[in-house]
Amino acid sequence: ASRAVVNATEASVEAAALKVELRHTHAALWAAEKATRAAQRQAAEHKSTATLAADAQVVELEAAQAEAALQRERVVALEDGARLAAAYSAELEAALDAYISGAVVNVERA
């Protein structure tokens with residue numbers, strides 16, 4: 001009977017040791033899960049930051065493209081204006097030449 005008591009006591013001590021080990025294992029597992037969640041959260045934040053930065057670059061590129069398109073339109077408008085001004089200037093010069101020629105003829109007649 002005393003051997004049974006010793007065996008039961010040893011089993012009880014072993015069970016208590018296993019319970020302590022199980023608690024430590026649970027604590028380690030909980031810490032690992034917590035660290036994993038923190039790493040996942042941090043990775044998601046970095047991904048969000050990278051996505052926002054990429055989106056900002058796309059917006060900047062689109063703005064630059066729009067600005068370039070406006071500048072091309074402005075160049076075309078300025079070229080058109082320069083052609084019109086040159087044509088108008090030529091017409092004015094021709095009209096002035098005709099007026100001066102007419103005035104010279106009138107002076108010569110007088």
Side-chain angles (χ1 to χ4, degrees):
S2 66
R3 185 73 191 143
V5 171
V6 169
N7 286 343
T9 303
E10 287 176 352
S12 177
V13 168
E14 190 175 327
L18 287 174
K19 284 182 182 179
V20 169
E21 187 177 335
L22 182 61
R23 284 188 192 123
H24 288 155
T25 303
H26 278 301
L29 178 61
W30 179 81
E33 287 175 350
K34 184 177 177 183
T36 300
R37 283 191 302 274
Q40 288 172 337
R41 188 171 42 255
Q42 188 175 14
E45 288 171 2
H46 286 307
K47 183 179 177 184
S48 298
T49 302
T51 301
L52 290 174
D55 289 347
Q57 287 178 339
V58 167
V59 169
E60 288 175 11
L61 175 62
E62 289 172 348
Q65 289 172 336
E67 179 65 26
L70 287 173
Q71 292 299 332
R72 283 191 296 274
E73 289 177 11
R74 185 170 184 241
V75 166
V76 168
L78 289 171
E79 289 172 346
D80 289 346
R83 277 193 294 277
L84 287 173
Y88 184 67
S89 177
E91 287 178 22
L92 284 176
E93 191 175 328
L96 184 59
D97 285 344
Y99 177 78
I100 291 171
S101 296
V104 168
V105 170
N106 287 337
V107 168
E108 288 175 355
R109 287 187 192 159

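In this chain, numbering begins with 1 at the start of the sequence shown. Since the model is a prediction, treat every value here as computed from it, not as a measurement.
- Taking CD of Glu45 as the reference point, atom CG of Leu52 lies at 11.5 Å (rounded to 0.5 Å).
- Residues satisfying the side-chain contact (heavy atoms from CB on, under 4.5 Å) criterion with Asn7, sequence neighbours excluded, are Arg3, Glu10.
- For Arg83, the side-chain hydrogen bond (donor to acceptor under 3.5 Å, both in side chains) criterion is met by Asp80, not counting sequence neighbours.
- With sequence neighbours excluded, no residue forms a side-chain contact (heavy atoms from CB on, under 4.5 Å) with Ser89.
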Under 3.5 Å, which donor-acceptor pairs do the side chains of residues 17-40 form with other protein atoms, sequence neighbours left out?
unit_1, atom_1, unit_2, atom_2, d
Thr25, OG1, Glu21, O, 2.8
Thr36, OG1, Ala32, O, 2.8

Taking only distance into account, with no hydrogens and no angle test, what donor-acceptor pairs under 3.5 Å do side-chain atoms of residues 59-78 form with protein atoms, sequence neighbours excluded?
unit_1, atom_1, unit_2, atom_2, d
Glu67, OE2, Gln71, NE2, 2.9

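- In terms of modelled atom types and a separation under 3.5 Å, the side chain of Ser12 and the main chain of Ala8 share no donor-acceptor contact.
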